[in-house]
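Okay, so here's the structure we're looking at.
What's counted below: heavy atoms across the whole structure, side chains too, no hydrogens, waters or symmetry copies. Note that this is a predicted model, so its numbers are computed, not measured. Counting convention: from 1, in listed order, for ligands and their atoms alike.
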Amino acid sequence: VNNQNSRKNGNAKKGNGKVLVVYYSQTGTTEGVAKIIARETNADLVKLEVKNEYTSDDLNWTDKNSRVNREHDNPNSRNVELKNAVIPDFSSYDTVFIGYPIWWREASWVLDDFVKKNDFTGKTVIPFGTSMSTGDGTSGNRLKKLTKTGNWVDGQRFSSSYNESEVVDWVKSLKY
Ligand SMILES: Cc1cc2nc3c(=O)[nH]c(=O)nc-3n(C[C@H](O)[C@H](O)[C@H](O)COP(=O)(O)O)c2cc1C
């Protein structure tokens, strides 16, 4: 197959086979997983950046009045705007991996701006999250509900202390 994006892992190709890995990461864990996935799938990699970035105080979930706690308690107050929510040439990708830290067992709402502003029609969408201990493959369902388009497959959750080989094995197991 004459395809510049042909996969190292031999997955069946659909369309042009272009893959995008897009992620948000506060402390680098999700970023590490995203980079492994991108390497294994020859994907383009995009890091989402928050306009009004969270400080470490903002992220302190043990403080009832911290920004994340206020946003968690009141979903109407979230509205986290990204600097780069609209991905250039998004329509050209067949497969999109979406990565996030798990906050309160769900995908961080930092991803909401990205999923609302891009059209996933016709794409395979594969969510993945990282967390210390809780949350699972269903953590992306809330994001799926925000889009109404795209063929979302079951997601995966990795521990903050993941092994590289777990990520590689998961990517190899995917049919997309
Ligand atoms: C606001 C907030 C909420 C979190 N909620 C959870 C949680 O519900 N369960 C869990 O195991 N870890 C939770 N964590 C830990 C993160 O999911 C974990 O550290 C993640 O790997 C961070 O990814 P990152 O380095 O890409 O930002 C939370 C962290 C923050 C900052």
Side-chain angles (χ1 to χ4, degrees), residues 19-41 43-87 90 93 95-118 120 125-147 152-171 173-174:
V19 180
L20 175 69
V21 178
V22 54
Y23 68 95
Y24 171 67
S25 183
Q26 258 295 320
T27 50
T29 308
T30 309
E31 180 165 71
V33 175
K35 285 182 172 169
I36 296 167
I37 296 170
R39 187 193 69 206
E40 292 300 305
T41 60
D44 293 337
L45 188 62
V46 172
K47 177 179 192 163
L48 297 172
E49 303 202 42
V50 177
K51 268 190 188 156
N52 178 14
E53 189 51 283
Y54 292 85
T55 64
S56 48
D57 284 347
D58 288 343
L59 290 165
N60 182 1
W61 71 88
T62 64
D63 171 1
K64 279 179 121 183
N65 291 312
S66 70
R67 177 178 170 194
V68 273
N69 258 311
R70 283 184 276 113
E71 290 176 347
H72 179 244
D73 292 345
N74 179 7
N76 292 329
S77 75
R78 294 177 185 176
N79 294 326
V80 179
E81 247 191 292
L82 294 166
K83 290 181 191 166
N84 57 343
V86 178
I87 306 296
F90 192 69
Y93 294 99
T95 303
V96 181
F97 287 85
I98 302 179
Y100 44 80
I102 289 173
W103 289 359
W104 284 278
R105 298 174 191 228
E106 299 216 24
S108 163
W109 51 87
V110 171
L111 280 288
D112 294 11
D113 194 29
F114 159 71
V115 294
K116 285 179 188 165
K117 287 183 179 161
N118 295 280
F120 292 81
V125 187
I126 310 173
F128 65 97
T130 70
S131 76
M132 286 186 322
S133 56
T134 61
D136 60 27
T138 66
S139 60
N141 288 357
R142 200 183 54 77
L143 299 177
K144 176 182 175 177
K145 284 186 202 131
L146 293 175
T147 64
W152 290 64
V153 305
D154 288 343
Q156 183 68 290
R157 174 257 168 194
F158 295 98
S159 160
S160 305
S161 54
Y162 66 90
N163 289 311
E164 177 162 343
S165 60
E166 287 172 66
V167 181
V168 172
D169 288 349
W170 174 65
V171 172
S173 76
L174 293 169

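- Here CD1 of Ile98 is found 7.5 Å from OG1 of Thr147. Values are rounded to the nearest 0.5 Å.
- Between Phe114 and the options Tyr24, Phe120, Tyr23, a ring pair (Phe, Tyr, Trp, His ring centres under 6.0 Å) holds for only Phe120.
- Here CG of Asn65 is found 12.0 Å from CG of Asp57. Values are rounded to the nearest 0.5 Å.
- Listed by number with element, the atoms of ligand 1 under 4.0 Å from a non-hydrogen atom of Thr30 are 23 (O), 24 (P), 26 (O).
- Summarising the contacts of atom 12 (N) of ligand 1 with Arg67, Met132, Gln26, Arg105, the nearest heavy atom is found in Met132.
- At a 3.5 angstrom cut-off on N or O pairs, Val68 does not count as close to ligand 1.
- Residue contact check: Ile102 has heavy atoms under 4.0 Å from atoms 4 (C), 5 (N), 6 (C), 13 (C), 14 (N), 16 (C), 17 (O), 28 (C) of ligand 1.
- For ligand 1, none of its N or O atoms has an N or O atom of Tyr24 under 3.5 Å away.
- Summary of contacts: the protein heavy atom closest to atom 2 (C) of ligand 1 is Trp103 CD1, 3.4 Å.
- Scanning the protein heavy atoms around atom 7 (C) of ligand 1, the nearest turns out to be Thr134 OG1, 3.4 Å.
- In this structure, Gly28 has a heavy atom closer than 4.0 Å to ligand 1.
- Contact record, Ser131 with Ile102: CB-CB, 3.7 Å, taken as the closest heavy-atom pair.
- In terms of polar-atom proximity, Thr29 is counted as a contact of ligand 1, with an N or O under 3.5 Å from an N or O of the ligand.
- A salt bridge is defined here as a Lys NZ or Arg NE, NH1 or NH2 lying under 4.0 Å from an Asp or Glu carboxylate O, and Arg142 with Asp112 meets this definition.
- If you check which protein heavy atom lies closest to atom 5 (N) of ligand 1, you get Trp104 N, 3.0 Å.
- Under a 3.5 Å cut-off, the side chain of Glu166 and the backbone N or O of Asn163 do form a donor-acceptor pair.
- There is no side-chain donor-acceptor pair under 3.5 Å between Thr29 and Ser160.
- Atoms of ligand 1 found under 4.0 Å from any heavy atom of Ser160 (numbered from 1 in listed order, with element): 18 (C), 19 (O), 21 (O).
- Looking at Arg39 and Glu164, a side-chain N of the basic residue comes within less than 4.0 Å of a carboxylate O on the acidic one, giving a salt bridge.
- The Thr130 neighbourhood of ligand 1 comprises atoms 17 (O), 20 (C), 21 (O), 22 (C), 23 (O), with distances under 4.0 Å to a heavy atom of that residue.
- Geometrically, Arg157 does not engage Phe128 in a cation-pi contact, judged by NZ or CZ lying under 6.0 Å from the ring centre and within 45° of the ring axis.
- Shown here is Asp154, whose CG atom has no more than 12 heavy atoms of other residues, nucleotides or ligands within 6.0 Å.
- Checked by distance only, ligand 1 and Trp61 stay at 3.5 Å or farther apart across all their nitrogen or oxygen atoms.
- Each of the following atoms of ligand 1 lies closer than 4.0 Å to a heavy atom of Ser133: 10 (C), 11 (O).
- Annotation for ligand 1: atoms under 4.0 Å from non-hydrogen atoms of Thr27 are 22 (C), 24 (P), 25 (O), 27 (O).
- In terms of N/O distances under 3.5 Å, ligand 1 is not approached by Glu31.
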